[in-house]
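Just below is one structure, and these are the notes that go with it.
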Amino acid sequence: MDTPSATMDTRVSYAPGQLPLFWDRSVVFFANLLALFFGNREAIKELAVQVGQIETYGGRLCPLINLLFRGPDNLLVLEREPDARLLKYFTDDLGLTIPDCIILPHKQYLQLPERLMDANRCLFGNDSTARIWQQIAEHPADWIDGFVTDAILMATATAFGKQTLVSTEASRLGNNKLLVHRFLQQQGFPVFDTYLAEAQSDIVEAAAELHAQGYQRIVVKSQIGASGIGMVTLDADRPDVHRVLDHWFFEGPCLVQGWLDEQVSGLRRLGSPSMQMFLDETSVNLYDVTEQILSAESVHQGNIAPPPYWQTMPEVQLPLREQSEAVGRWLHQHGYRGTASADFLVVQRDQRLDVILCEVNARVTGATYPAVLARHFCPGGAWLMRNLVFEPPVASEDLLDILNRAGRLFLAGHSRGVLPINFNPGPCGKIRKGQFLCLGSDQDECIADLNQSAQLLPVAWDYDRD
């Protein structure tokens, strides 16, 4: 795909809390979450086991697609039917529009290359898959996009005479931790102490080197990972390398890095901010700054914006902006277009403040949904997004009715409330888990609304991973 090159003159807009103008075009968007690992099928299996109900996560796109793509005809290709009661809430209570949706399970998505070898079978067969592909081929949108642009998405665009926003190469590069690390190192930005491991045996040697430098723990990362898949922390003095799985080397050597926490002498972790980005054909837009809510293993569990320390620690703002601008230009130069997140770690070490870019996720991320919705309804306000898991599962209409009767449900025209983004049903059809966005004038309001709303529920609940 021909894309303009980025230079130091590429326009960068920095306006936290204000949405940019997103795409003025229509799209066929594939919720291809299980393509995140670019053909690494063992990683896909690991994701499905760790997260559960992964095919239901595409529902988060229902309220989002028509905000990201402002053309008149959008088509969303999901792996599972979204919750009908939640869609009604989006349209009737929030005033959002929902794209047309069709269902294509991941198994059928994987069959596309074989079917494209026989165009008649692909487009003019009598089975359900052929009818779906015919809908996509005949859809008026000129563009195709997805969580990532893998080879299957490229083949779909080529076969149906459409264009992708991003090439496979640009999509893959933008999600590769090693390439981002090398770019930051070349630019002279702070980076983690890093070694490369071609196999499990190399991790032991790297761990010994890092332990000698004062690290008590290390983190091993595959070059491409998501939602904690392909990442593990280990003891530096006795690393259990068997926890590093063979398929983590699918893209090449893993990164072995020193783990920065209070066990390192003179160090204090202060925060984990994340910059939300949108890259169009000519510019890089930095439109929101959030604080990541992470588990002890640094697995994403939610976000809050702005970061709690944003006003009290202004010295964080400039390095965060400078590195985000640099990595945004780097992504743009290599042809990436669309939404992305740049995740950071802020530490104080021997009275020195370091803002270190951990990774870039060049896709619609877990922070994109709440950031776009929050800034659409409440520009400049505060927001909080958490995943709640229920035991036993609850009917979706009950969840919405409980929030509504208590006056906690966010409605169009309001400035405060709880906005359910998506529901993840279990095998029984009831909701086992959901993503909930809290909007308010400040963080205290958001936290109070979430806690008070959760207490209204007639079942046990807990926070969960994204």
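Every value quoted in this text rests on a predicted model; they were computed, and no experiment measured them.
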* Centres of the Phe410 and Phe377 rings: under 6.0 Å? -> yes
* Lys/Arg-Asp/Glu bridge criterion (N-O < 4.0 Å) met for Glu397, Arg85 -> no
* With the side chain counted from C-beta on, respond yes when Asn361 and His300 share a heavy-atom pair under 4.5 Å apart, and no when they do not. => no
* Non-hydrogen atoms of Arg243 and Thr233 that approach each other most closely -> NH1-O, 3.4 Å
* Assess the side chains of Ser274 and Gln276: does a donor N or O sit below 3.5 Å from an acceptor N or O? => yes
* Structure fact -> Correct closest heavy-atom pair for Leu34 and Ile54 would be CD2-CG2, 3.8 Å
* Side-chain heavy atoms of Val219 within contact of Phe192, under 4.5 Å -> no
* Does Arg337 use its side chain to pair, donor to acceptor, with the backbone of His332 at less than 3.5 Å? -> yes
* **Side-chain touch Ser295/Arg465, heavy atoms, less than 4.5 angstrom** => no
* Structure fact -> Separation between CG (Leu76) and CG (Leu78), nearest 0.5 Å, reads 4.0 Å
* Asked: Hey, are Asp466 and Gln435 close enough side-chain-wise for a donor-acceptor pair under 3.5 Å?
  -> no
* To do: Check Ala35 against Val148 and note the closest heavy-atom contact, atom names and distance.
  => O-CG2, 3.2 Å
* Asked: Do the ring planes of Phe69 and Trp23 sit parallel (below 30°), tilted (30 to 60°) or perpendicular (above 60°)?
  -> parallel
* Side-chain donor-acceptor pair under 3.5 Å between Thr365 and Thr368, yes or no? -> yes
* Crowded around Arg269 CZ? As in, over 12 foreign heavy atoms under 6.0 Å? -> yes
* Side-chain contact, heavy-atom cut-off 4.5 Å: Val220 with Val241? -> no
* Any donor-acceptor N/O pair, Asn285 side chain to Phe278 backbone, under 3.5 Å -> yes
* To do: Would you check if Phe147 and Leu61 make a side-chain contact, meaning some heavy-atom pair closer than 4.5 Å?
  => yes
* Of all the heavy-atom pairs spanning Asn175 and Ala362, show the shortest one and how long it is. => OD1-N, 3.0 Å
* Asked: Do we see a donor-acceptor contact under 3.5 Å between the side chains of Tyr109 and Glu79?
  -> no
* **Least distance between heavy atoms, Ile224 atom then Phe37 atom** => O-CD2, 4.1 Å
* Structure fact -> CG (Leu294) and CG (Asp343) are apart, to the nearest 0.5 Å, by 8.0 Å
* Non-hydrogen side-chain atoms of Gln257 and Lys221 separated by less than 4.5 Å -> yes
* Looking at Leu19 and Tyr287, what are the two nearest heavy atoms and their distance? -> CD2-CD1, 3.9 Å
* Testing Asn32, Ile144, Thr168 for side-chain contact (heavy atoms from CB on, under 4.5 Å) with Thr149, which one passes? -> Thr168
* Structure fact -> Result for side-chain hydrogen bond (donor to acceptor under 3.5 Å, both in side chains) between Asp235 and one of His211, Arg217, Gln216 points to Arg217
* Structure fact -> In Lys177, Arg172, Gln223, the residue satisfying side-chain hydrogen bond (donor to acceptor under 3.5 Å, both in side chains) with Glu251 is Arg172
* Give the intermediate values and the outcome of side-chain hydrogen bond (donor to acceptor under 3.5 Å, both in side chains) for residues Tyr215 and Asp193. => CA-CA 10 Å; Tyr215 292 100; Asp193 291 325; 2.6 Å; yes
* Asked: Any chance CD of Glu205 has more than 12 other-residue heavy atoms, nucleotides or ligands included, within less than 6.0 Å?
  -> no
* Val289 vs Pro307 side-chain heavy atoms within contact, under 4.5 Å -> yes
* Asked: Taking the side chain as C-beta and beyond, is there a heavy-atom pair between Leu104 and Phe30 under 4.5 Å?
  -> yes
